[in-house]
Participant: 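One structure follows; several queries about it will come next.
Just so it is clear: chains get the letters A, B, ... in the order the sequence lines come, proteins before strands, and each one is counted from 1.
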2 protein chains.
Amino acid sequence: MTRTAKTSGDHRDWVKKVEDICEANALQLTPLRRQVLELISRAKAPLGAYAVIDQLSQSRAKSVAPPTAYRALDFLVDHGFVVKIASTNAYAPCDHLGHHHHGMLLICNRCGRADEIENPKLDAVLAETAARIGFRPQRQVVEIEGLCGACGEAVAAPQALPNG
Amino acid sequence: MTRTAKTSGDHRDWVKKVEDICEANALQLTPLRRQVLELISRAKAPLGAYAVIDQLSQSRAKSVAPPTAYRALDFLVDHGFVVKIASTNAYAPCDHLGHHHHGMLLICNRCGRADEIENPKLDAVLAETAARIGFRPQRQVVEIEGLCGACGEAVAAPQALPNG
DNA sequence: GTCTGGTATGTTATAACATAACATATTGGA
DNA sequence: TCCAATATGTTATGTTATAACATACCAGAC
Ligand SMILES: [Zn+2]
Ligand SMILES: [Zn+2]
Ligand SMILES: [Zn+2]
Ligand SMILES: [Zn+2]
């Protein structure tokens, strides 16, 4: 299991790994792209594009236009460092760098966190189903919305909330 | 296998089935909702909300505001007659009326058609994976983009296109 | 050195998708 | 008839994303 929200150490490791992959493949991880990467990595939950824009604007004390953020996000998504969640139009760090595909996303409706899990069986079932009707898959989106473990317990045991 | 674009006969059968379900469950399939249902059913490919709005506006010779269409779409989606495709923000008829869930969607990037296929194995794999980390699923989105059979062949055999 | 072509970013404007809030109409039962 | 619920109309705005063009930057050719 992997988490979208990383500890400080995980965060640094993850960014470092992206840097290494970029270096190895001659990809330009520019300051802007790196800053967006960091924002997404540090966030507790997937970030919307306009949250990224707001944070960039704050950090520059000057408003940044949408294309600036979208282009950086596109770069990160195109190279598999970040995954765009179609259900929520938000961006999360990919927890399986270098695999050149994405696993299934489990998205909590209560706290917003997203976990990415790989499951070879899932890929096999999808491939088999597509093959059945002669369909050639290019990109897959598998997203499950629901309650994460912690939120599931919290909802089942509401007495845990303070009275006042 | 089922198709999003239906023949005239399929189309009528499908609308009739929705009517029957509404009658059996005391759901109000009003003229507006029925019109939107028909638009989606007749379309060759999933329709965006604004395509629906445009067609409603044309048919009334008067511009229809977004909430009118969105409310009808919400009704149809809430009751499982229509599925909203998260990847493309488009609406397609559900090919498995009455099942109270949706199967996986195979969306062609070339011609736009979408096929919905049910696969119990897929549901089992998703449930198992979620259970592994204590996640409680509420809604699932499984969408595969790629090339449908016909488009796959067309791309592989471009000489089929006329010369001039 | 400077020219040039490619890549990245900045800037302006607008397109595309979706909902909040409130008004009106319709319907079916008390 | 009156009421309450449901559905639709209307106005305004919020949210997400891209088109089109200008500028900056950098590496290699000449
Ligand atoms: Zn991933
Ligand atoms: Zn949660
Ligand atoms: Zn369905
Ligand atoms: Zn096709």
Participant: What is the separation between atom CG on B:Leu73 and atom P on C:dT19, rounded to the nearest whole Å?
Facilitator: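 Nearest whole value for this atom pair: 11 Å.
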
Participant: Heavy-atom distance under 4.5 Å between the side chains of B:Leu105 and B:Val83, does that happen here?
Facilitator: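 With C-beta onward as the side chain, the pair touches.
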
Participant: Applying salt bridge (Lys or Arg N to Asp or Glu O under 4.0 Å), name anything that partners A:Asp20, two or more places apart in sequence or on another chain.
Facilitator: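 Partners of A:Asp20 by the salt bridge (Lys or Arg N to Asp or Glu O under 4.0 Å) criterion, ordered by chain and then number, come out as A:Lys16.
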
Participant: When you match B:Ser63 and B:Arg33 each to their closest nucleotide on DNA chain D, which lands nearer the 5' end?
Facilitator: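 The residue closer to the strand's 5' end, by nearest nucleotide, is B:Arg33.
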
Participant: Without placing hydrogens or testing angles, list every side-chain donor-acceptor pair under 3.5 Å for residues 57-73 of chain A, not counting sequence neighbours.
Facilitator:
| from | atom 1 | to | atom 2 | distance (Å) |
| --- | --- | --- | --- | --- |
| A:Ser57 | OG | A:Ile53 | O | 2.8 |
| A:Ser57 | OG | A:Val64 | N | 2.9 |
| A:Ser59 | OG | A:Gln35 | NE2 | 2.9 |
| A:Ser59 | OG | A:Leu56 | O | 3.3 |

Participant: Once ring pair (Phe, Tyr, Trp, His ring centres under 6.0 Å) is applied, do any residues pair with A:His101, and if so which ones, sequence neighbours excluded?
Facilitator: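 Per chain and number, A:His101 pairs via ring pair (Phe, Tyr, Trp, His ring centres under 6.0 Å) with A:His99.
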
Participant: Can you build the contact string for nucleotides 11-18 of chain D? Use B for base contact, S for sugar-phosphate-only contact, and - for no protein heavy atom under 4.0 Å.
Facilitator: B----BBB

Participant: Are any of A:Arg71's side-chain N or O atoms less than 4.0 Å away from OP1 or OP2 of C:dA8?
Facilitator: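 Checking C:dA8 against A:Arg71, no side-chain N or O comes under 4.0 Å of OP1 or OP2.
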
Participant: Filter on side-chain hydrogen bond (donor to acceptor under 3.5 Å, both in side chains), then keep only pairs touching residues 85-94 of chain B, sequence neighbours left out; what's left?
Facilitator: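 The answer is B:Ser87-B:Glu143.
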
Participant: Without decimals, in angstroms, what is the distance between A:His79 NE2 and C:dT7 C1'?
Facilitator: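 One finds 12 Å between C1' of C:dT7 and NE2 of A:His79, rounded.
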
Participant: Check the distance between D:dA7's P and B:Asp78's CG and give it to me in whole angstrom.
Facilitator: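 For the pair B:Asp78 CG and D:dA7 P, the rounded distance is 11 Å.
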
Participant: For B:Lys121, what residues pass the salt bridge (Lys or Arg N to Asp or Glu O under 4.0 Å) criterion, not counting sequence neighbours?
Facilitator: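 Residues passing salt bridge (Lys or Arg N to Asp or Glu O under 4.0 Å) with B:Lys121: A:Glu128.
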
Participant: Residues in ring pair (Phe, Tyr, Trp, His ring centres under 6.0 Å) with A:His102, at least two apart?
Facilitator: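 By the ring pair (Phe, Tyr, Trp, His ring centres under 6.0 Å) rule, A:His102 matches no residue at all.
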
Participant: Apply side-chain contact (heavy atoms from CB on, under 4.5 Å) to the pair A:Ile85 and A:Ile107, showing each step before the final yes or no.
Facilitator: CA-CA 9 Å; A:Ile85 304 175; A:Ile107 305 155; 3.5 Å; yes

Participant: Using whole Å, what does the distance between atom P of nucleotide C:dT19 and atom CZ of B:Phe75 come to?
Facilitator: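 Going from B:Phe75 (CZ) to C:dT19 (P), I get 18 Å.
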
Participant: Looking for any heavy atom pair under 4.0 Å, which part of the strands does B:Thr30 touch: base, sugar-phosphate only, or nothing?
Facilitator: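 Sugar-phosphate only.
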
Participant: Send over the distance from A:Leu27 CG to C:dT7 C1', rounded to a whole Å.
Facilitator: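 Taking CG of A:Leu27 and C1' of C:dT7, I get 13 Å after rounding.
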
Participant: Could you give the CG-to-P distance, from A:Leu32 to C:dT7, as a whole number of Å?
Facilitator: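 Atom CG in A:Leu32 sits about 18 Å away from atom P in C:dT7.
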
Participant: Between the protein and nucleotides 23-30 of chain C, are there any N/O to N/O pairs under 3.5 Å, and if so, what are the atom names and distances?
Facilitator:
none

Participant: Let me check something: any side-chain donor-acceptor pairs from residues 129-139 of chain A under 3.5 Å, sequence neighbours excluded? List them with distances.
Facilitator:
| from | atom 1 | to | atom 2 | distance (Å) |
| --- | --- | --- | --- | --- |
| A:Thr129 | OG1 | A:Val125 | O | 2.7 |
| A:Thr129 | OG1 | B:Asn119 | ND2 | 2.7 |
| A:Arg136 | NH2 | B:Gly152 | O | 3.4 |
| A:Gln138 | OE1 | B:Asn109 | ND2 | 2.9 |
| A:Arg139 | NE | B:Glu145 | OE2 | 3.4 |
| A:Arg139 | NH2 | B:Glu145 | OE2 | 2.5 |

